Engineer: 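Questions regarding the structure given below will be posed in turn.
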Amino acid sequence: MFAHALSGITARPARLAAVLAAIVLGTLFLAATAVFTATSAAGMRLVAAAPLTAADVIVDRDPDAPDPGADWPAHVAGHPGVTATAPVHAATVELVTGEARATTNVYSVSDRPELRWFELSEGVWPTGAGEVVADGPTLESAGLAVGDTVRLLADGEEAEVTVVGAADLGFRPLTGVVYRLYASEDFFAGESPQSVTARVGAGTSPEEAVAGLTASLPGGLHAMTAREQAGLAADRFAGGSRQLELIMLVFALIALLSASLVITNTFTILVSQRRRETALLRLVGADRSQVRNLVLAEALVVGSVGSALGVAAGVGVGYAGASLAGLAGDGLHVGVPALAGSFLAGVAATLCTAWFPARGAASTAPVEALRSASLPGGVRFRAVHGAGLALAVLGTAGTVFGAWADDLPAAIAGGSLGAVGLLVFLRYALSRLIRTAGGLLLRRRGVPELAGANLRRATGRSATAALTLVLGLGLITALLTAAETGRATIDGDLDARFPVDVSARVDEGSVDPGTVDLIRGIDGLALVEAPRTARVEIAGLGGTTLVGVSPEMARAAGSAALAQDGSGPPALLVSADQARALGAATGDTVDLAVDGRPHPFTLHVSALATVSGTPGPVVREEVLDSLAPGGERGVVWGVAADGADTDALAGRMARIAGADPRIAVNGALAERGDLTGVLDVLVGLALAMLLVTVVISGLGVANTLGLSVLERTRELALLRALGLTRGGLRATLAVEAAVIAVVGVLLGLLIGVPYGLVGVKAVIGGTAPLVVAVPWSGTALVLAAALLIGIAATLLPARRAARIAPAQGLGVD
């Protein structure tokens, strides 16, 4: 049986090339996910455990317990058997250079050499509060070098430090913070450390030291061996990657599903083309099980070879991915069971998808098989399609309900059920659409008529090829729609919470006029104003900063109450908390004592009162002049023009903030950059993963056309004999591929856009009003990509068809 299968494969290797490529890509993705997971987990464990490698014992302070004071490490240092201790501090500050300002973590490094866990690549260790060591990526990102001086801002205080050394840590921890500095214990003088690392003497084991410390330490302090603490830290640290691993696994399974569709289509066509060979086997004594097993044996051979190649390539791809992500610090880690599972999954997917064509071949009667063979013209509506349609409707209803009820689990369950139903039903729907498109082409003479006739002749195989496109391009469309809607929703939420795009303030005095001029010079800001500010006492609110704005800024910030110069008490904008403190609501007229003098105001709750980061009531500038004359201008507000490049604006503002450490920057730009940055990374990663599915889809279309050429050898030769040129043959195949691609992408768009909208609504829930945004430019790119896939899929089949000589083709049986 295997010998006959091998002879059949070697006799027609080109016919199974697409199957082999699809299996390789599907199993490659699975194996790469397994290797990436194992390698990155080991690398992150190394990252988490690295700071503990020099210690024997760790003593942690319970964050919920009362602070034991800055001198509590003395309890550890005085314990018998402990030879050296080092307090562990960490602080988050802002690092200010001449170019920009960025969030920075500062960690303590022990003054005791035996408790230092990394080595210096340049410079010296810090010896005082004004010296720090930086790791290589920090120096590179901030444009610094050993010997440079930088400023650190924390809690309104500024410190100047010198970079005296550079550390080569060998990895880049995934902390979300751009810069990392290491300072001596003097930098944290007077602060209570988070924990203490300790070394024990030769006559004491870490377990003995832990037991003794547990019995003698005050409450709220917990001792643990460094090995146990490293294990816990590694588990916590690696836990953040599990979501990424799950996403990668989902996309790997999607790629394997696309490969299964290609395999099914290919074997269905091959079985139909070999009906005479099958009949001959039946006539010479082969029973149905032997015929079925022959097809399955071919599938087993191709599946095994493809899975082996995919697993081998996946090891390299997975390790390369972990290396690019900076997570391969502990070297290559390969889980043999995971790789074996990837291999078996590829083989099993091949056998399972080849089962139905094999069963169809076995059920063919010898007499029927000896007749002229042709593929079925279409897909008949069966009970399975009805069940798929019912599942799709039920799942869609569940998804919509979950999205609008803010029930994410229900939305996910409904979406999964609906997706399964659609996959079952879509082959029938695609068959009908392709048949309709073929009928429209029949109304045109020449190449379109030939393409339409062939499409209508075998809509089943074309529908399966289109289904792979629907799967890949539909997912891409859903992802693009979700991303675009997510960005629009973020923008709408930020516009509601931040009426101005740029806000800079100082705690005392006025913003430097030079800084104001720099902000005014930022391209893309339609209006920049430095409003007057005054520190006043308001009854019920206490000491607060009152801001006076012009009518132009009030209109640009969307405050109709301040923009109108009506009669009656002047408008006073306050935060929601301030309104509650005053016991009033929007529209109420209240009498408030400002610096001891009563004044009537019409109260309005507005986000403009908190846009600078701290609550500050806002009035019109002339009202402030009458309440508290003065010349201070402690804030600068800017409103971006429509269509402005927010990333460029945020970059310019970061450089201005770096040049003036006195200002605190707030506004929509600062928060929008953080939110959209994470969104862009996730979308880019998912799109890259879905490209594998699109490649498999292209292979499916190419294989369908290639096998169609083999099937129609005599027909194509006759057309050549009647005068059809090679260009006409290529054009015929191009039209067929274009129809398959357009039908696939249009249905993908029709399904992907609603799924993307519902998906993002389910994720956002009630946290912000949904702003629907369809990615028209992305949709156009998807359509163009589908046409490009269709054209590319015709290259090899068209070349093969054009090489058919009329005499040679007419002689084929």
Side-chain angles (χ1 to χ4, degrees), residues 485-505 516 519-520 522-533 544-580 584-589 601-624 633-646 649-650 653 665-673 675-676 764 766-773:
T485 300
R487 290 190 187 95
T489 301
I490 289 172
D491 288 341
D493 182 55
L494 291 177
D495 289 342
R497 293 192 291 120
F498 297 96
V500 298
D501 296 283
V502 171
S503 172
R505 65 174 176 83
V516 177
I519 296 175
R520 283 200 174 102
I522 297 177
D523 293 334
L525 290 181
L527 178 64
V528 175
E529 181 177 302
R532 264 209 59 222
T533 58
T544 185
T545 298
L546 196 60
V547 182
V549 300
S550 67
E552 292 79 13
M553 177 56 71
R555 282 191 291 271
S559 176
L562 288 183
Q564 297 172 357
D565 186 15
S567 58
L572 176 70
L573 307 186
V574 296
S575 68
D577 292 338
Q578 289 175 327
R580 283 191 291 270
T586 294
D588 291 350
T589 299
F601 296 97
T602 301
L603 209 66
H604 295 273
V605 176
S606 172
L608 198 60
T610 57
V611 76
S612 294
T614 58
V618 184
V619 295
R620 284 174 64 119
E621 55 187 358
E622 64 268 21
V623 175
L624 179 59
R633 297 185 180 273
V635 297
V636 181
W637 288 347
V639 178
D642 293 337
D645 186 345
T646 56
L649 289 176
M653 196 62 205
V665 178
N666 296 93
L669 287 180
E671 190 162 345
R672 180 183 285 111
L675 293 173
T676 57
I764 292 175
T767 58
L770 184 68
V771 179
V772 176

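Treat the numbers as computed from the prediction; the structure is a model and nothing was measured.
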Engineer: Testing the basics here: between T610 and P615, what is the closest heavy-atom pair and its distance to 0.1 Å?
Structural biologist: CG2-CA, 4.3 Å
Engineer: Using every non-hydrogen atom in the two residues, find where E621 and P551 come nearest and quote the distance to one decimal.
Structural biologist: OE2-CD, 4.1 Å
Engineer: Please report the shortest heavy-atom distance between V500 and V611, naming the atom on each side.
Structural biologist: CG2-CG2, 3.2 Å
Engineer: Got a donor-acceptor contact below 3.5 angstrom from the T589 side chain to the T602 backbone?
Structural biologist: no
Engineer: For the side chain of S606 and the backbone of A609, is there at least one donor-acceptor N/O pair under 3.5 Å apart?
Structural biologist: no
Engineer: With a 4.5 Å cut-off on side-chain heavy atoms, are V623 and L572 touching?
Structural biologist: no
Engineer: Any side-chain heavy atom of S559 within less than 4.5 Å of one from L573?
Structural biologist: yes
Engineer: Is it the case that the side chain of T489 and the backbone of V771 share a donor-acceptor pair, with hydrogens and angles ignored and the cut-off at 3.5 Å?
Structural biologist: yes
Engineer: Looking only at non-hydrogen atoms, find the nearest pair between G634 and T533 and report the distance.
Structural biologist: N-OG1, 2.9 Å
Engineer: With a 4.5 Å limit on heavy-atom distance, are the side chains of L649 and D501 in contact?
Structural biologist: no
Engineer: Between R620 and L562 (side chain of the first, backbone of the second, donor and acceptor by atom type, cut-off under 3.5 Å), is there such a pair?
Structural biologist: yes
Engineer: Where is the tightest heavy-atom contact between A530 and V516, given as atom of each residue plus distance?
Structural biologist: CB-CG1, 4.2 Å
Engineer: So do the side chains of T614 and R505 get within less than 4.5 Å of each other, counting heavy atoms only?
Structural biologist: yes
Engineer: Can you name the closest pair of heavy atoms from M653 and A504 and give their distance?
Structural biologist: CE-CB, 4.0 Å
Engineer: Answer yes or no: is there a side-chain heavy-atom contact under 4.5 Å between R520 and V636?
Structural biologist: no
Engineer: Measure the shortest side-chain to side-chain distance between M553 and P531 over non-hydrogen atoms and say whether it is less than 4.5 angstrom.
Structural biologist: no
Engineer: Find out whether T544 and P617 are in side-chain contact, i.e. whether some heavy atom of one side chain is under 4.5 Å from a heavy atom of the other.
Structural biologist: yes
Engineer: Going by salt bridge (charged side-chain N to carboxylate O under 4.0 Å, His left out), name the residues that satisfy it together with R633, two or more places apart in sequence or in a different chain.
Structural biologist: none
Engineer: Who pairs with D588 by salt bridge (charged side-chain N to carboxylate O under 4.0 Å, His left out), at least two apart in sequence or on another chain?
Structural biologist: none
